[in-house]
Amino acid sequence: MTADDTMDFKPKKLLGIRHVQVMMLFLALVFSFAMRVNMSMAIVAMTDSNNENSFDWDIKIQSVVLSSFFWGYVVLQIPGGELAGRFGGMILITLCVGINSVVSLVIPIGSHYGGWQLVCGCRVLQGLSQGFLFPAIHNLIGNWVPLEEKSRLGTVIYAGAQLGTALQLMASGFIAEAWSWEGIFYTNGVLGCIWTVAYILLGSSSPQASKMISQEERFYIQNSLGHVGGKKKLQTPWKAIWTSLPFISLIVVHCGQNWGFWTLMTEMPSYMNKVLGVNIKANGLMSALPYLAMYLFSFPCGFASDYILKKKWLSITASRKLSNSLGHFGPAIALIGLSYVPAGNVTMAVALLTTVVGLNAGHYTGYLLVHIDMAPNFAGTLMGITNCIANIISIIAPLAAGAILNDETDANEWRKVFYVSSGIYIVCNLFFLLFGTSERQKWNDVAETDDTETDPSQRCIPVRYIQICMLFLGFMLAYCVRVMMSLAIVAMTDQSTDNSFDWSIQRQSVILSSFTWGYILLQSIAGELASRFGGMTLLTIAIGCNSIISLLLPVSAKYGGWMVVCVCRGIQGLTQGVIYPSMHYLISKWVPLEEKSRVTSFTFAGLCGPALALICLSHVPAGNITAALLILVTALGLHAGFYNGCIVVHLDMAPNFASSLIAVCNFISNFVGLFAPLAVGFILDDETNPKEWRIVFYIMAMMYICTNMFFVIFGTSKRQKWNEGSELTPKV
């Protein structure tokens, strides 16, 4: 069967695996946007002085909290587009929803113990991970959705954002009344975790990678998208992208969309409450109506757009511009009308708000699909760029509203907010009408090349050495983050210094062990993820998240106390759970057999000390700093043998499953890491007593000796038979 023979071929089944992917992406947007907008409703209850556990945050602080999501959101947009193009969108969207869900579960605790500053930190982390959302979605649509179904299936997916928004706004009031405002975040977190597990089982980055899809459906999608024989891998043509006026018009119109949409999204509940006097339960229902209208209106927009193109009534460019004009000019006019609604006229205000947001659904079949029309090979990257820049506007819009609104109850000040949003909608869409196009760009198929590039084999430094150096630096940074608390806590609890904390040795032990609480969770899962998607993305995300949390720790300690510090350390441990599996995967792929021992030793160098040195250390006389330091240096130095010992054996035994083996070992062994600091805290009633420290060192030494003896007796580096193939159930 050839492509020419099947140009008009469609699978006989009405529904296929592509529809399963569409539904999962739809739900991803439902849950992601629910977690994105939940703060807009929750903050009303959180600052209601009539409620218990409320906060005395003024409008300026509330505006900062509402905008903080976007501080992180803009950071990973462009890298997210590149990563989606290189590794596929599945792993990125899984991490996006998963991280957002975990942080949602943490926010209630963080707000009580860390105040608005820590809430901002949590929202930044959520925004950071949601930076992958739209680039990943665009990449997956570009891989999964046939050309002739793009408008309607793309609309179904993107409509999830509005349904998630509407459901969140409707449900928040009831949840807050029944379970307090904390229940809003707990509900989001649990539902997001359930989706994450389901998508790991059902999702796939492309039809080529899917094990569930039929051959006929795979060929239908590939044929429609021109991917028969595999999708081409092209270098991103950065110069052509940034000098393309049609692409610049996408940036402008995306900025206009975000200003209007997020001004309404973040400020509407306050407008309903302060100007119209609507309580939180009715506030949620009325605030949800516009987004429910947008969700419902998106479907006729999608089907109408496909029908217009099928009948060839308009060109693709004209169809996209018509839809986008409906989505931007319509809300602009309705916003002007909204600004003149008499105070207290709830019905008219809600009707106009519903019109504003409902008509905005036109942008789903407008500029949002133009990224894919112009350059499907780089759709994720284009979306990453426009979303990055446009979401700087998302940061500014709520802050601008907060600056304008000196009195939230003054309808005249709200009129200024609506006029500004209306003007931006009109100006940005006019720019898109003048310069935008859906014509396929030349640089979509011909990436820029550098004629001066030399043969990779002629480079003076082999690429594998560059990879190893980066892994070494990554591992060094990861362990700096891991062990920094052991030293920092000494200064943090030194009563002779300013800003110290009165934490007992038992409480300090809990803090020191908290990293491991999260660390053990992702070990076995991370091994499978590294095997399936490669280690680069996992390692990058782990170190990036650890770095951001490190920046938040001082504020967390000051405003949230030791419990919030434990939460932050737990999140750091959670993300570092992928470090060892990712490292093992990358070493197995990059390092030749004859270099494996020295490269592994270099990469994993320097963590803890062996048994004999610890026994000697326990008998160093008090005050003899020189001897103690020499023994500690010896302990650490001798321990280097561990890295061309048992660490390499995972690679020797089964290189095909090295990341999974290290994940299982790391998962089990880190239960010990969880209890070790707690045991130390239990033993040490008096930190100044050398006899109690001697007991700690003796126990550690015996652990080293006994476990190594077991390895000497039963361990082997012989290649295992099961390395060459896992057991498979015979197909019928």
Side-chain angles (χ1 to χ4, degrees), residues 17-38 69 72-73 76-77 80-81 83-85 87-105 125-145 150 152-168 171 185 187-207 209-210 212 265 291 294-295 298-299 302 364 368-369 371-372 379-380 383-384 387 391 525 529 532-533 537 541:
I17 297 301
R18 68 187 184 280
H19 298 106
V20 174
Q21 305 302 312
V22 166
M23 184 53 60
M24 292 304 296
L25 296 180
F26 162 77
L27 291 174
L29 278 171
V30 168
F31 295 133
S32 295
F33 266 74
M35 287 182 277
R36 182 180 299 197
V37 306
N38 56 15
F69 175 92
Y73 187 59
L76 291 181
Q77 294 291 330
L83 289 171
F87 300 106
M90 178 185 174
I91 187 171
L92 298 185
I93 200 168
T94 303
L95 289 168
C96 166
V97 180
I99 291 172
N100 266 251
S101 303
V102 172
V103 175
S104 285
L105 297 173
L125 185 57
Q126 286 187 310
L128 190 74
S129 57
Q130 280 210 29
F132 293 138
L133 183 63
F134 276 101
I137 290 279
H138 254 51
N139 176 271
L140 291 165
I141 290 175
N143 288 338
W144 273 102
V145 179
K150 190 168 292 179
R152 58 183 180 271
L153 291 186
T155 299
V156 168
I157 292 171
Y158 286 119
Q162 307 320 314
L163 183 61
T165 300
L167 292 176
Q168 185 64 58
F185 298 103
T187 302
N188 290 154
V190 170
L191 291 175
C193 289
I194 293 172
W195 179 92
T196 302
V197 173
Y199 190 62
I200 289 173
L201 297 175
L202 298 175
S204 182
S205 59
S206 68
S210 175
M212 301 171 64
M265 175 64 67
Y291 300 99
M294 188 176 183
Y295 169 71
S298 65
F299 294 105
Y364 286 138
L368 207 56
L369 293 178
H371 303 77
I372 304 173
M383 187 63 188
N387 217 24
N391 276 285
I525 299 174
L529 289 174
R532 187 170 182 182
F533 301 107
T537 303
I541 292 170

State the [atom1]-[atom2] distance between [X] and [Y], to the nearest 0.5 angstrom.
X      : Y      : atom1 : atom2 : answer
Leu125 : Gln130 : CG    : CD    : 11.0 Å
Ile141 : Leu369 : CD1   : CG    : 7.0 Å
Leu92  : Leu133 : CG    : CG    : 10.5 Å

Verdict with supporting geometry, Met383 and Ile137, side chain to side chain contact (heavy atoms under 4.5 Å, CB included): CA-CA 9 Å; Met383 187 63 188; Ile137 290 279; over 6 Å; no
Minimum heavy-atom distance [X]-[Y], with the two atoms named:
X      : Y      : result
Met90  : Leu140 : N-CD2, 4.0 Å
Trp144 : Ser210 : CH2-CB, 3.8 Å
Cys96  : Ser129 : CB-O, 3.4 Å
Ile541 : Phe132 : CD1-CE1, 3.8 Å
Ala136 : Gly89  : CB-O, 3.6 Å
Asn38  : Ser104 : ND2-OG, 4.5 Å

For residues 20-35, dump all side-chain donor-acceptor pairs below 3.5 Å to protein atoms at least two apart in sequence or in another chain.
unit_1 : atom_1 : unit_2 : atom_2 : d
Gln21  : OE1    : Ser204 : N      : 3.3
Gln21  : NE2    : Leu202 : O      : 3.2
Ser32  : OG     : Ala28  : O      : 2.7

Contact check, side chains of His19 and Leu153, non-hydrogen atoms, under 4.5 Å: yes
Heavy-atom side-chain contact between Ile93 and Tyr199 under 4.5 Å: yes
Check: Asn139 side chain, Pro135 main-chain N or O, donor-acceptor pair, under 3.5 Å: no
Side-chain donor/acceptor of Tyr364 to backbone N/O of Tyr158, under 3.5 Å: yes
Parallel, tilted or perpendicular: rings of His138 and His371 (30°, 60°): perpendicular
